[in-house]
Amino acid sequence: MRIYNTLSGSKEEFIPLNSHGVKIYACGVTVYDYCHIGHARSAIVFDVIRRYMRYKGFHVTYVRNFTDIDDKIINRARQEGITWDVVAKKYTDEYYKDMDMLGVGRADIEPKATEHIQEIIDIVKGLIEKGYAYEIDGSVYFEVEKFTGYGKFSKRDKEEMLAGARVEVDERKKNPIDFALWKKSKEGEPSWDSPWGPGRPGWHIECSAMSLKHLGESFDIHGGGADLIFPHHENEIAQSEAFTGKPFARYWIHNGFITIDKEKMSKSLGNFFTIKEILDKFDPEVVRCFLLSTHYRSPIEFSDEQLREVESSIDRYYTTVIRIQDFLEKDGVKKESSNTEKAFEQTIVSFRERFEEAMDDDFNTALALGHIFELIRDVNRFLDSKPSGPQVNELLFKARELLMETGDVLNIFGRTPIEWYRSLMVTKKIGLTGEEICHRIKEREDARKRKEWAIADRIRKELEEKGIILEDKKDGTDWKVKTG
RNA sequence: GGCGGCGUACCCAAGUGGCUAAGGGAGAGGUCUGCAAAACCUUUAUGCAGCGGUUCAAAUCCGCUCGCCGCCUCCA
């Protein structure tokens with residue numbers, strides 16, 4: 001398995017510290033507002049990485065934190081006239097709702113900053129003792145100049161940073177780029193007791209404390225959005241390595257951004273969509289598949305049009321599943337096996353290899369999806385050849401299993417076609433019930449028996465206008481929700 | 001200004017030295033169908049922003065130019 005490591009700026013063979021266990025820490029969210037689709041991307045990317053690692057047989061310990069105390073939470077609490085912990089609780093709950101919808105699994109450990117105050121204080125104390133940090137008036141800062149490798153990770157010149165940026169106002173830090181480990185609380189702000197008086201943790205220190213506690217001094221993978229590379233991860237490395245004297249994370253994985261009109265989606269620009277807003281219009285599987293249809297490090301341009309296209313492509317999968325089911329239920333006459341059957345068997349045999357090859361290459365989900373859709377086409381082609389023979393059912397069964405198994409790594413394709421259409425009825429706001437549709441189909445079937453085509457066609461058209469497509473098959477008429 | 005990334009068909013998107021440049025969506029034509037839908041087949045890049053170079057061989061490596069974006073402040 002090869003992974004692009006931000007640390008080296010190139011793809012590296014992945015070798016876990018421990019041959020069977022992989023330890024992953026991903027930076028989670030600050031719970032002060034609803035999550036937007038960018039948060040979803042990061043969560044889904046690491047969810048897939050973790051799933052694929054498990055698929056490959058690794059025992060994964062996955063840690064993803066919540067930042068539940070920080071300036072933004074305090075500000076939000078002030079705005080809403082409630083306490084900070086109520087804000088944190090509310091948006092943590094909302095986060096879970098969103099992630100559950102999107103099929104993002106819970107991490108094995110989900111630590112919160114405020115549950116690790118003692119660990120944080122211990123590290124800050126240790127850093128002061130080792131001479132890497134200093135206290136000024138109840139706040140503690142990390143002294144960047146003391147840490148030799150500072151800037152290496154984000155490829156910034158430390159000397160230049162130390163010399164420049166003197167715009168800092170009213171700070172008594174030794175150097176403007178020194179960053180807070182512990183912040184003295186102002187009157188009325190939430191605070192915890194510490195050797196330096198009442199205060200709260202700085203932003204970066206919580207991740208050092210929580211990863212150290214739950215994964216140890218050195219672990220395999222650390223990740224998050226690419227905007228965390230500097231200063232967050234640079235600072236985390238400095239703190240952690242200064243404190244433990246050991247190398248921190250071995251592989252650093254960063255996902256790219258979602259863009260709107262080519263610009264980064266962000267809170268400050270206001271060009272964002274919340275997960276809730278999108279899920280009101282699109283099925284979660286569509287969102288998930290959309291986010292996986294581009295390599296995780298590349299930017300993705302968000303648009304409804306793209307989502308609709310993905311919706312149509314997922315429908316292609318479920319339509320094929322229906323075809324397989326119809327075929328398996330028929331259980332036709334058994335004959336000699338044919339050449340098409342042998343070719344199809346080859347496709348199936350090589351499929352898993354191609355899927356893994358794609359995923360092994362820095363989690364290339366876009367390519368993996370390409371292989372999946374290639375298999376779907378081959379299944380359809382095989383079915384069109386009207387195959388018969390002792391092995392046909394077995395092959396189709398195997399193909400369906402492979403699609404579901406690889407889909408499971410991406411956590412897509414996990415439902416039945418019926419569930420898919422039921423969900424589309426809701427997201428596409430089809431103003432009809434299944435019973436009403438069946439009733440119309442029955443009427444149309446009667447008309448067809450009488451060969452009253454005009455009536456039959458009118459019913460078809462009516463339903464289509466409401467978003468329902470009819471499919472006449474040998475033994476009856478099926479319906480589905482129109483996509484795209 | 002410093003550092004980094006991107007530019008592949010009508011749209012999205014893999015591919016980063018060598019078989020016919022994946023896959024999805026859209027369009028056109030066809031097979032099938034009472035008509036459809038679905039599926040399949042054919043078709044839409046002698047071409048990978050432009051120019052030059054390295055090489056037997058480049059979308060893929062190097063240089064320059066143009067265009068777009070990100071980080072350098074909180075940020076997934």
Side-chain angles (χ1 to χ4, degrees), chain A residues 6 9 11 26-30 32 35-46 70-72 151 154-157 160-161 164-165 167-168 177 203 223-232 234 254-259 261-269 272 289-290 293-295 297-301 303 305-317 319-320 322-323 354 358 361 364-385 448 451-454 456-457 460-461 464 468-473 477-480 482-484:
Chain A
T6 308
K11 283 185 199 172
C27 288
V29 292
T30 301
Y32 75 103
C35 287
H36 60 63
I37 184 76
H39 298 109
R41 184 180 195 189
S42 194
I44 288 171
V45 163
F46 285 94
D70 111 309
D71 289 353
K72 282 187 290 237
S154 55
K155 296 176 181 67
R156 267 155 244 269
D157 188 80
E160 222 166 71
M161 292 171 76
V167 235
E168 205 83 14
I177 63 166
W203 173 35
D227 45 8
L228 296 181
I229 294 171
F230 188 89
H232 186 54
E234 184 77 57
H254 292 97
N255 63 274
F257 305 122
I258 291 178
T259 59
D261 293 329
K262 303 264 184 192
E263 272 192 328
K264 181 188 170 185
M265 179 185 287
S266 74
K267 277 275 163 72
S268 43
L269 283 169
F272 62 90
C289 205
F290 163 70
S293 66
T294 299
H295 186 90
R297 279 189 283 119
S298 305
I300 300 186
E301 172 72 12
S303 72
E305 194 194 345
Q306 288 306 311
L307 280 260
R308 281 196 295 270
E309 288 184 5
V310 171
E311 186 180 85
S312 290
S313 72
I314 294 175
D315 193 58
R316 188 173 159 75
Y317 165 77
T319 301
T320 303
I322 292 172
R323 287 195 74 191
R354 281 177 292 158
D361 185 14
N364 195 338
T365 54
L367 181 58
L369 277 168
H371 293 323
I372 285 172
F373 280 104
E374 224 168 354
L375 178 57
I376 287 170
R377 192 191 55 207
D378 285 336
V379 167
N380 280 313
R381 202 185 275 162
F382 183 59
L383 286 167
D384 276 359
S385 76
R448 289 182 74 209
K451 296 208 188 312
E452 294 183 51
W453 307 123
D457 289 350
R460 180 202 291 290
K461 199 155 180 241
E464 191 184 343
I468 300 297
I469 301 284
L470 298 186
E471 287 193 24
D472 294 327
K473 298 183 181 178
T477 299
D478 274 358
W479 62 269
K480 54 191 248 180
K482 194 177 174 182
T483 59

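This structure is a prediction, so every number in the text was calculated from the model and none was measured. Chain A is the first sequence line, chain B the second, and so forth, proteins listed ahead of strands; every chain is numbered from 1.
Atom CD in A:Glu309 sits about 12 Å away from atom P in B:rG24, given to the nearest Å. Atom-to-atom, CZ of A:Phe257 to P of B:rC6 comes out at 15 Å; the value is rounded to the nearest Å. Rounded to whole Å, the distance from NZ on A:Lys461 to P on B:rA37 is 13 Å. As rounded to whole Å, 13 Å separates atom C1' of B:rG5 from atom NZ of A:Lys262. Atom CG of A:Asp261 is separated from atom P of B:rG70 by 12 Å (rounded to the nearest Å).
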>> Could you walk me through whether A:Glu374 and A:Arg354 satisfy the salt bridge (Lys or Arg N to Asp or Glu O under 4.0 Å) test, starting with their C-alpha distance in whole Å, then the side-chain angles of each, then the deciding distance to 0.1 Å, before giving a yes or no?
In response: CA-CA 11 Å; A:Glu374 224 168 354; A:Arg354 281 177 292 158; 3.8 Å; yes
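When both pairing distances are held under 3.5 Å, B:rG4 makes a Watson-Crick or G-U pair with B:rC69. Nucleotide B:rA13: unpaired (no Watson-Crick or G-U wobble partner with both distances less than 3.5 Å).
In this structure, the side chains of A:Ser293 and A:Thr365 stay at 4.5 Å or more apart for every pair of heavy atoms.
Side-chain N/O atoms of A:Arg460 and base N/O atoms of B:rA36 include a donor-acceptor pair closer than 3.5 Å. Interface remark: the A:Asp457 side chain does form a donor-acceptor pair with the B:rG34 base, using a distance-only criterion of under 3.5 Å. The base of B:rC35 is paired with the side chain of A:Asp472 by a donor and an acceptor separated by under 3.5 Å. Looking at A:Arg448, its side chain comes within 3.5 Å of the base of B:rG34 through a donor and an acceptor atom.
The separation of B:rA26 from B:rA37, taken at their P atoms, amounts to 12 Å, rounded to a whole angstrom. One C1' atom belongs to B:rA45, the other to B:rA9, and the distance between them is 5 Å to the nearest Å.
The side chain of A:Arg156 has B:rC71 as its nearest neighbour among B:rA39, B:rA76, B:rC71. Considering only side-chain atoms of A:Ser313, the nucleotide from B:rG24, B:rC40, B:rC35 that sits closest is B:rG24.
A residue-by-residue look at A:Lys480 and A:Arg308 shows that A:Arg308 has its nearest nucleotide of RNA chain B further toward the 5' end.
OP1 or OP2 of B:rU33 has not a single side-chain nitrogen or oxygen of A:Lys473 nearer than 4.0 Å. Within the 4.0 Å cut-off from OP1 or OP2 of B:rC40, at least one side-chain nitrogen or oxygen of A:Asn380 is found.
Here A:Lys482 does not pair with A:Asp315 in a salt bridge; the nearest charged N to carboxylate O distance is not below 4.0 Å. Under 4.0 Å is where a charged nitrogen must lie from a carboxylate oxygen, and between A:Arg448 and A:Asp457 no such pair does.
Residue contacts for A:His295: at a heavy-atom cut-off of 4.0 Å it reaches the sugar-phosphate backbone alone, with no base atom in range.
Relative to the six-membered ring of A:Phe373, A:Arg316 misses at least one condition, a distance below 6.0 Å or an angle of at most 45° to the axis.
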